[in-house]
Amino acid sequence: MVIDGKYKILKKIGQGGMSMVYLAINEKANKTWAVKEIRKGTELGAELVQERLRRETELLKRLRHPRLPAIADVIEEQGGLLIVMDYIEGSSLSELLEQEGPQPEKQVITWGKQLCEVLEYLHRQDPPVIYQDLKPSNVMLEPDGGVKLIDFGTAREVRDLGSREETVCLGTPGYAAPEQWEGLGRVDGRTDIYCLGALLYQLVTGQDPGHEPYGIYPIRRWNPDLSAGLEAILETCTRANPKERYESCRELALVLEHYEEMDLSVRRRQRKELFRFLFTVLLTAVCLVAALFVRYREKCLTLQVYEAFRERASSALKPEEKLKSYEEAIGLLPGREEAYLELLEQVFLTVEADGMVSFTREEDERLREILSRRAADGRSFELHLKENQEGYERLAYWLGLAYYYDYEAGGGKSLGVKWLQIAADSETLPKASRERALRLGTIGAYYSRIGQVNRSGDAGVSYGDYWKDLTALSEGNLVQLDNAVTALRMYQELAAQIHGRALEFRQAGIGKAELKDELASIREHLRTDFSEEDWDKPGLKEMRTRLTYLLTEAGRQVELAYEERVR
């Protein structure tokens with residue numbers, strides 16, 4: 001087939017939605033051409049596509065540049081329009097990437113400078129022409145190594161922007177600049193600079209910015225051997241804000257020409273920044289180590305002073321001197337439990353000459369005042385101690401016992417319930433201590449109801465249940481489970497309760513033999529559980545003497561309570 005008497009069609013070389021491209025030859029001139037046939041269509045949108053192709057043709061007819069295809073002829077036919085243009089031998093850059101992968105850096109920079117030339121030519125037109133769709137498939141690589149731009153379907157003169165076609169994005173996702181999308185700004189020459197940056201990015205890395213991982217990253221993320229200078233250039237080209245990109249393709253071509261010098265400059269700057277960063281890190285590390293060392297030394301010194309106060313307290317002869325030294329120690333480290341426990345044991349719970357231990361109201365108030373004092377951070381000493389869970393629960397256990405057995409010499413059972421409950425719920429105390437705290441707390445709760453009756457006239461306490469909880473306290477070897485002092489206190493409590501409440505126990509159905517057996521069990525514990533060394537401790541012999549007396553008196557009281565005349 002021969003067109004217009006001179007263009008002989010050889011074969012079809014391409015096809016679009018409404019166009020067909022053929023290879024043709026002018027035999028007289030012995031030159032090959034590409035003939036694009038634009039067919040008329042009736043489908044929806046066909047008129048718009050035809051107008052777009054006609055506008056592309058009119059634009060290319062006015063442009064003359066060695067890196068643009070030239071239009072030799074436009075032939076009107078009844079069935080459509082024939083456009084005769086340069087036939088470009090070679091393959092597209094997209095085909096090259098598919099076959100060979102990432103291209104050498106220097107070659108890509110050469111192509112980049114060539115594309116800057118043609119884009120600068122387009123931008124200098126009056127009005128300027130913005131290409132808008134620079135991507136590998138729209139750039140042809142000729143046999144001599146040069147490149148040419150093809151497909152001007154999205155190219156626009158600046159005065160045309162705002163037409164009906166511009167209400168949607170023109171360009172390809174991944175390559176299109178942010179301002180090409182609706183509502184994100186007006187396109188100009190810097191739009192093509194963004195597209196060129198995206199194209200060069202794909203050529204040197206092989207990464208399509210329109211596919212996962214979406215976006216444009218520093219090129220040395222993909223290949224550390226690539227130039228830091230080129231990385232900085234492409235980063236500037238593809239900034240989201242057009243004002244932060246290069247002002248023109250001429251400026252971009254200049255920096256591409258000198259990318260190696262820029263690479264040295266960037267690397268020097270990066271080395272300086274790295275040195276500054278490492279120096280900052282080193283300085284920070286030195287300061288941190290120094291601060292940690294100072295903090296460590298401060299803690300060591302504080303601990304040494306804390307131990308010195310404890311030692312001075314333990315060797316002091318007068319109770320007030322002991323008290324003052326322990327308070328000093330607690331003030332230094334309110335989160336440690338040792339000074340609290342020693343204050344309780346060596347100052348507030350000392351055994352008197354008569355074998356009695358008395359935790360007085362004044363001592364109780366002093367201890368509460370110490371726990372409520374404020375440390376430098378504004379928190380109370382008790383809150384600091386709570387952070388030391390094991391220490392806090394130990395103090396709660398022994399403080400609960402002090403209230404239970406020794407408050408005002410007779411015991412303040414109900415006052416110790418709070419501390420005994422903390423000990424009973426402990427996660428750190430031994431099982432035996434937790435169980436004892438639970439029983440003592442239960443018995444302590446009885447004391448707030450003993451002697452009371454409810455509205456129906458019933459007693460507030462079941463003495464049968466009370467007896468079970470009370471006797472459970474003496475089970476096992478209490479000397480081994482706790483210590484000799486605690487064991488004697490518990491036995492004294494049990495004997496005192498039998499002495500004072502024998503009648504109530506009888507009325508609750510507790511048999512005489514059961515009470516007598518419990519008293520005998522205490523005597524057996526006294527005989528078997530204590531060693532000779534135990535009795536050498538201050539006050540223990542006096543406590544044993546008092547307990548022996550209580551056992552005798554309790555036995556007599558049981559006999560009286562269970563005589564037949566008692567009703």
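Please read all numbers here as calculations on a predicted model, not as lab measurements. Residues: numbered from 1 along the sequence shown.
Counting only distance, with no hydrogens or angles, the side chain of Asn26 and the backbone of Tyr7 share no donor-acceptor pair below 3.5 Å. Not a single donor-acceptor pair under 3.5 Å links the side chain of Asp151 to the backbone N or O of Asn138. Looking at Gln103, its side chain does come within 3.5 Å of a backbone N or O of Gly101 through a donor-acceptor pair. With Glu95 contributing its side chain and Ser92 its backbone, the two residues share a donor-acceptor pair below 3.5 Å. Judged by distance alone, with hydrogens and angles left aside, the side-chain atoms of Ser426 form no donor-acceptor pair with the main-chain N or O of Ile422 at under 3.5 Å. Put simply, the side chain of Tyr392 never gets that close to the backbone of Glu337: no donor and acceptor are under 3.5 Å apart. Judged by distance alone, the side chain of Asp192 and the main-chain N or O of Ile130 form no donor-acceptor pair under 3.5 Å.
Side-chain contact between Glu231 and Leu226 is absent, with no heavy-atom pair separated by less than 4.5 Å. Asp86 is listed as a side-chain neighbour of Lys148, based on a closest heavy-atom distance under 4.5 Å. Using a 4.5 Å cut-off on side-chain heavy atoms (C-beta onward), Gln180 and Cys195 make contact. Counting heavy atoms from C-beta on, the side chains of Val289 and Val286 never come closer than 4.5 Å. Residues Tyr326 and Tyr340 form no side-chain contact, since every pair of their non-hydrogen atoms from C-beta on lies 4.5 Å or further apart. The shortest distance between side-chain heavy atoms of Met20 and Lys36 does not fall below 4.5 Å. Taking 4.5 Å as the limit, some side-chain heavy atom of Ser380 sits within range of a side-chain heavy atom of Leu383. Annotation: side chain of Trp419 is in contact with side chain of Tyr403 (closest heavy-atom distance under 4.5 Å).
Not counting sequence neighbours, the partners of Ser433 by the side-chain contact (heavy atoms from CB on, under 4.5 Å) test are Tyr397, Leu429, Pro430, Asp482. Applying the side-chain contact (heavy atoms from CB on, under 4.5 Å) test to Asp144 and every residue at least two apart in sequence or in another chain returns Glu142. The side chain to side chain donor-acceptor pair (under 3.5 Å) search around Glu387 returns Arg379, not counting sequence neighbours. Legend: residues meeting side-chain contact (heavy atoms from CB on, under 4.5 Å) with Ala253, ordered by chain and number and at least two apart, are Cys116. In this structure, the side-chain contact (heavy atoms from CB on, under 4.5 Å) partners of Pro136, at least two apart in sequence or on a different chain, are Leu93, Ser94, Leu97, Tyr175, Leu199, Gln202. Residues satisfying the side chain to side chain donor-acceptor pair (under 3.5 Å) criterion with Gln207, sequence neighbours excluded, are absent altogether.
Smallest separation of non-hydrogen atoms from Gly145 and Gln114: O-OE1, 4.2 Å. Closest non-hydrogen pair, Tyr306 versus Ala339, comes out as OH-N, 3.2 Å. Counting all heavy atoms, side chain and backbone alike, Pro102 lies closest to Val204 at CB-O, 3.5 Å. Leu256 and Gly112 make their closest contact through CD1-C, 4.0 Å (heavy atoms, listed as atom of the first residue, atom of the second, distance). Pairing each heavy atom of Glu105 with each of Ser227, the nearest pair is OE2-N, 2.6 Å. Taking both residues in full, the closest heavy atoms of Ala24 and Val35 are given as CB-CG2, 3.7 Å, listed atom of the first, atom of the second, then distance.
Residue Ile88 forms a side-chain contact (heavy atoms from CB on, under 4.5 Å) with just one option from Ile150, Val147, Leu149, Leu141, and that option is Ile150. Each of Leu119, Leu115, Ile233, Thr236 was evaluated against Leu252; a single residue qualifies, Ile233, per the side-chain contact (heavy atoms from CB on, under 4.5 Å) test.
Taking a 6.0 Å sphere around CZ of Arg250, one finds it holds 12 or fewer heavy atoms contributed by other residues, nucleotides or ligands. Counting non-hydrogen atoms of other residues, nucleotides and ligands closer than 6.0 Å to CZ of Arg64 gives a total above 12. Atom CD of Glu369 sits in a crowded spot, with more than 12 heavy atoms from other residues, nucleotides or ligands closer than 6.0 Å. Counted within 6.0 Å of NZ on Lys113, heavy atoms from surrounding residues, nucleotides or ligands total more than 12; the atom is thus considered enclosed. Heavy atoms of other residues, nucleotides or ligands lying less than 6.0 angstrom from CD of Glu100 number more than 12.
A salt bridge is defined here as a Lys NZ or Arg NE, NH1 or NH2 lying under 4.0 Å from an Asp or Glu carboxylate O, and Glu327 with Arg373 meets this definition. A salt bridge links Arg239 with Glu235; the closest basic N to acidic carboxylate O contact falls under 4.0 Å. Taking 4.0 Å as the cut-off between side-chain N and carboxylate O, Glu179 and Arg245 count as a salt-bridged pair. Using a 4.0 Å cut-off between a side-chain N of Lys or Arg and a carboxylate O of Asp or Glu, Asp73 and Lys6 qualify as a salt bridge. Using a cutoff of 4.0 Å between basic side-chain nitrogens and carboxylate oxygens, Arg368 and Glu365 are not scored as salt-bridged.
Both tests pass for Lys31 against the ring of Trp33: distance under 6.0 Å to the centre and angle within 45° of the axis.
For the residue pair Thr205 and Asn223, no side-chain donor N or O sits within less than 3.5 Å of a side-chain acceptor on the partner. For the 3.5 Å distance criterion, the side chains of Gln15 and Lys12 qualify, holding a donor opposite an acceptor.
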Next on the checklist: Assess the residue pair His123 and Asp188 against the criterion (side-chain hydrogen bond (donor to acceptor under 3.5 Å, both in side chains)); give the C-alpha distance rounded to whole Å, side-chain angles, the decisive distance to 0.1 Å, and a yes or no.
Outcome noted: CA-CA 8 Å; His123 297 166; Asp188 58 20; over 6 Å; no
Item to check | Stepwise side-chain hydrogen bond (donor to acceptor under 3.5 Å, both in side chains) test for Lys418 and Gln421 | outcome: CA-CA 5 Å; Lys418 166 195 168 181; Gln421 187 60 54; over 6 Å; no
Checklist entry - Run the side-chain contact (heavy atoms from CB on, under 4.5 Å) check on Tyr22 and Met1 step by step: do they pass? => result CA-CA 11 Å; Tyr22 302 94; Met1 181 179 179; over 6 Å; no
Item to check | Working for side-chain contact (heavy atoms from CB on, under 4.5 Å), residues Leu59 and Val129 | outcome: CA-CA 9 Å; Leu59 181 61; Val129 176; 3.8 Å; yes
Checklist entry - Could you walk me through whether Glu120 and Leu122 pass the side-chain contact (heavy atoms from CB on, under 4.5 Å) check? => result CA-CA 5 Å; Glu120 180 67 18; Leu122 294 175; over 6 Å; no
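Atoms NZ and CG, on Lys106 and Leu230 in that order, are 12.5 Å from each other to the nearest 0.5 Å. Atom CG of Asn241 is separated from atom CZ of Arg190 by 8.0 Å, given to the nearest 0.5 angstrom. The distance from the CZ atom of Arg221 to the CD1 atom of Ile216 is 12.5 Å, given to the nearest 0.5 Å. A distance of 8.5 Å separates CG in Leu82 from CD1 in Ile38, rounded to the nearest 0.5 Å. In this structure, OG1 on Thr284 lies 11.0 Å from CG on Leu278, to the nearest 0.5 angstrom.
Note on ring orientation: taking the six-membered ring where Trp is involved, the planes of Phe293 and Tyr296 are tilted (angle from 30° to 60°). Between Tyr121 and His65, the ring planes are tilted. Angles from 30° to 60° get that label.
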